[in-house]
Amino acid sequence: ELQLVESGGGLVQAGGSLRLSCAASGFTFDDYAIGWFRQAPGKEREGISCISSSDYKPYYADSVKGRFTISSDNAKNTVYLQMSSLKPEDTAVYYCASVVAVSACPSTAWNMIPSYDLWGQGTQVTVSS
């Protein structure tokens, strides 16, 4: 069955870095679109990045642009989110999600929850001051 599993979260000081992983199983990883979302307490779930096998064009929210980098390793069925220059406001549960049966990030809705069909369980990222 299709499954996504996040890992790599933890506690880091402001200015530090973490790399999150999203491991996929149950579908051909040469045909995918995977996004990263985050949700802080009391806030809406926010789409922050997306990458797909159609062109590997990255999408980023303004809040993370220039600090976060999304990438993929098809041989490992894994998408990564490298997070640098972390700020306390980056503290959230981070989720990866997949658009099932398509291989492109939705060009005008890549950061919208309804665009995605499959979700991981989330991993906590805490950034201290």
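I34 and Y95 fall into different hydrophobic clusters, defined by Ile, Leu, Val, Met, Phe, Trp and Tyr side-chain heavy atoms under 4.5 Å apart, directly or through other members. A continuous path of hydrophobic side-chain contacts links L86 to I70 [ILVMFWY only; heavy atoms under 4.5 Å]. Linking ILVMFWY residues whenever their side-chain heavy atoms come closer than 4.5 Å, directly or via other members, places L118 and V79 in the same cluster.
With rounding to the nearest 0.5 angstrom, the SG atom of C50 is 7.5 Å from the OH atom of Y59. Taken to the nearest 0.5 Å, the OG1 atom of T91 stands 7.0 Å off from the CD atom of Q124. Rounding to the nearest 0.5 Å places OG of S25 at 7.5 Å from CG of L4. Remark: W119 CH2 to C22 SG distance equals 11.0 Å, nearest 0.5 Å. Residue L81 holds its CG atom at 8.0 Å from OG1 of T69, rounded to the nearest 0.5 Å.
Panel note: side chain S103, backbone S54; no donor-acceptor pair is recorded below 3.5 Å. At least one donor-acceptor pair under 3.5 Å links the side chain of S53 to the backbone N or O of D30. Between the side chain of E6 and the backbone N or O of Q121 there is at least one donor-acceptor pair closer than 3.5 Å. Counting only distance, with no hydrogens or angles, the side chain of S49 and the backbone of Y60 share no donor-acceptor pair below 3.5 Å.
D117 is linked by a side-chain hydrogen bond (donor to acceptor under 3.5 Å, both in side chains) to nothing, counting only residues two or more places apart in sequence or in another chain.
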Salt bridge (Lys or Arg N to Asp or Glu O under 4.0 Å) assessment of K65 paired with D62: CA-CA 5 Å; K65 190 176 299 182; D62 289 342; 3.4 Å; yes
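Between the side chains of T78 and D73, no donor N or O sits under 3.5 Å from an acceptor N or O. Side-chain contact annotation: Y56 with N74, donor-acceptor N/O pair under 3.5 Å present.
Considering all non-hydrogen atoms of both residues, C105 and W110 come closest at CB-CB, 4.3 Å. A pairwise comparison of heavy atoms in D90 and V127 identifies CB-CG2, 4.3 Å as the closest pair.
In this structure, R19 satisfies the cation-pi test against Y80, with its NZ or CZ atom closer than 6.0 Å to the six-membered ring centre and inside 45 degrees of the ring normal.
Ring planes of Y94 and F68: tilted class, angle from 30 to 60°.
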